[in-house]
Amino acid sequence: MSHSSLSIVIACGGTGGHLFPGIAVAEQLRQLGHRPLLLISRKSVDAEASQKYGQLDFRTIPAIAKPPLLSLRTPGFLWRLLTGYIRCRRILRDVKADVVLGMGGFTSLAPIRAGRSLGLRTYVHDSNALPGRANRLIARWCTEVFVGLKEAAAWFPKSVCRVTGTPVRDELLHLPTRDEARRRLGLPEQGRVILVTGGSQGARNLNSLLIQAAKADPDSLYYVIAGRLDYERVNALADGAPNIRVTGFCADMASAYAAADGVIARSGASTLTELSMLGKACLLVPYPYAADDHQSANARVFAEAGGAILCRQSELNTDTVHHFVHDNIGNPDKRAAMEAAMRSLARPDAAADIARILIGD
């Protein structure tokens, strides 16, 4: 390892939307000969990823979600924030950190604040069109703010802001062929496959509505429903319908994407980044209870570009789904236009660009 190898701490735990982009940057840094350390929470999504990416170094810090201002949980939140800050200072000194990157959310607050107090370069990344409150607070302690979508820059008027795109893991940049992916997943090589994914934890309402739509459309369509917490219930709802495959947590998303002709999904930033990178036409159903309804803001960016159809959960029904599947995915010209529009929003070099900035190139 070269003498100029840097120690770079990346706070990225709590959700797949923070975790996987952080892993993507860490992979780039490691390839360039630097020493990334990932700070994650004790949640199961983080624990599973840390086992899968055994070549990377992980440490856990307390996961902190900010309660409402006048909540009885506020003293506990402040105490965890203080202890988290002290622990992060200790970790940063222990690994002789040169740079700190936060991938967003309150899990990034203590590491960024600790890095700033030690005089280190600090950065935060926000992948949403409408940035979260945590990142708007954290930005004041950052050397620069990275944003996934240009629409987010307006929310950081006092910061040096750079549109980098959102990093994507290496494995999603090298997909198997459609036929190979379908063989791996046990799907038929003929016929249309629609991937339904509600994010790493699944989505109850979305899954229920989609099962109804799938049952009403038995001909050539296979639906892959991904969601770990909802698996038993969804499998019972599917009730052995021959055109529905239900899987719990999908460890091979590369194959799931490659096998799919179209995607029905929530509109979390990480999912949209992957869909744009892979050029997948999609029907987006924003999670209606997301903070500040930021998923709707994300979906609008992609719908206005022509790559996606935006449908509120309250308006989603069998007809909406069938219109997407038959009139868009089933129409080669419309599908090709949507796929091209999705690709136009992709930034495939996001992880490499962020890594270069962190190491000062």
Side-chain angles (χ1 to χ4, degrees), residues 16 20 44-45 48 52 169 171-172 174-268 270-272 274-275 278-285 287 308-309 311 313 316-330 335 338-339:
F20 295 125
S44 60
V45 62
E48 284 177 14
K52 185 175 178 185
R169 295 165 283 167
E171 69 203 69
L172 292 179
H174 309 288
L175 295 194
T177 65
R178 179 174 177 270
D179 288 351
E180 169 61 22
R182 290 190 177 193
R183 276 197 294 275
R184 283 185 198 175
L185 298 175
L187 296 170
E189 290 186 19
Q190 301 305 313
R192 229 175 276 132
V193 171
I194 302 297
L195 171 67
V196 180
T197 173
S200 55
Q201 303 303 321
R204 284 180 68 90
N205 289 19
L206 184 65
N207 289 345
S208 300
L209 289 160
L210 264 300
I211 289 286
Q212 286 174 19
K215 282 186 166 180
D217 188 15
D219 298 336
S220 63
L221 303 173
Y222 283 73
Y223 292 76
V224 179
I225 317 280
R228 177 176 40 195
L229 297 182
D230 209 15
Y231 173 74
E232 299 294 340
R233 188 186 70 89
V234 173
N235 207 29
L237 282 179
D239 194 26
N243 69 316
I244 303 175
R245 294 284 194 276
V246 182
T247 177
F249 178 72
C250 183
D252 187 6
M253 281 306 290
S255 288
Y257 282 134
D261 298 302
V263 179
I264 300 173
R266 293 301 196 194
S267 45
S270 196
T271 297
L272 286 173
E274 293 172 357
L275 292 172
L278 305 174
K280 290 291 175 182
C282 49
L283 173 65
L284 298 175
V285 187
Y287 178 57
I309 292 170
C311 180
Q313 184 167 291
L316 186 71
N317 56 39
T318 298
D319 289 343
T320 320
V321 175
H322 294 172
H323 172 72
F324 168 69
V325 171
H326 293 283
D327 298 347
N328 291 279
I329 301 305
R335 177 178 160 186
M338 289 181 78
E339 290 174 345

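Remember, it's a predicted structure, so these values are computed and weren't measured experimentally.
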query: Are side-chain heavy atoms of Leu284 and Leu272 found at a separation under 4.5 Å?
result: yes
Heavy-atom side-chain contact between Leu206 and Arg266 under 4.5 Å: yes
Nearest non-hydrogen partners of Met338 and Cys282, listed with the distance: CE-O, 3.8 Å
query: At what distance, to the nearest 0.5 angstrom, does CG of Leu210 lie from CG of Asp217?
result: 11.0 Å
- line: So CD1 of Ile309 and CD1 of Ile264: to nearest 0.5 Å the spacing works out to 9.5 Å
message: Assess the residue pair Ile244 and Asp239 against the criterion (side-chain contact (heavy atoms from CB on, under 4.5 Å)); give the C-alpha distance rounded to whole Å, side-chain angles, the decisive distance to 0.1 Å, and a yes or no.
response: CA-CA 9 Å; Ile244 303 175; Asp239 194 26; over 6 Å; no
- prompt: Taking the side chain as C-beta and beyond, is there a heavy-atom pair between Lys280 and Leu195 under 4.5 Å?
  reply: no
Within residues 248-265 or reaching into it, pairs that qualify as salt bridge (Lys or Arg N to Asp or Glu O under 4.0 Å) - sequence neighbours excluded: Arg178-Asp261, Arg182-Asp261, Arg184-Asp252, Asp261-Arg335
field: Asp179 side chain to Glu189 backbone, donor-acceptor under 3.5 Å
entry: no
- prompt: Can you tell if the side chain of Leu283 reaches within under 4.5 Å of the side chain of Val325, non-hydrogen atoms only?
  reply: no
query: How far does CD of Gln212 sit from CG of Leu316, to the nearest 0.5 angstrom?
result: 9.5 Å
- prompt: From Leu209 CG over to Leu237 CG, what is the distance, rounded to the nearest 0.5 angstrom?
  reply: 10.5 Å
statement: Residues Leu175 and Glu171: closest non-hydrogen pair is CD2-O, 4.4 Å
field: Exercise: identify the closest heavy-atom pair between Val193 and Ala259
entry: CB-O, 3.5 Å
query: Looking at side-chain heavy atoms only, is the closest gap between Leu185 and Arg245 below 4.5 Å?
result: no
- line: NZ (Lys215) and CG (Asn243) are apart, to the nearest 0.5 Å, by 10.0 Å
query: If you measure only the distance, is there a donor-acceptor pair under 3.5 Å linking the side chains of Thr320 and Asn317?
result: yes
- prompt: For the residue pair Gly16 and Ser270, what are the closest heavy atoms and their distance?
  reply: O-OG, 4.2 Å
message: Return the NE2 to CD1 distance between His323 and Ile329, rounded to the nearest 0.5 Å.
response: 10.5 Å
message: Looking at every non-hydrogen atom in both residues, tell me the closest pair between Ser255 and Pro176 and how far apart they are.
response: OG-CG, 3.6 Å
query: Hey, does Tyr257 have a side-chain heavy atom less than 4.5 Å from the side chain of Leu275?
result: yes
- prompt: Within 45° of the axis and under 6.0 Å from the centre of the six-membered ring of Phe20, does NZ or CZ of Arg169 qualify?
  reply: yes
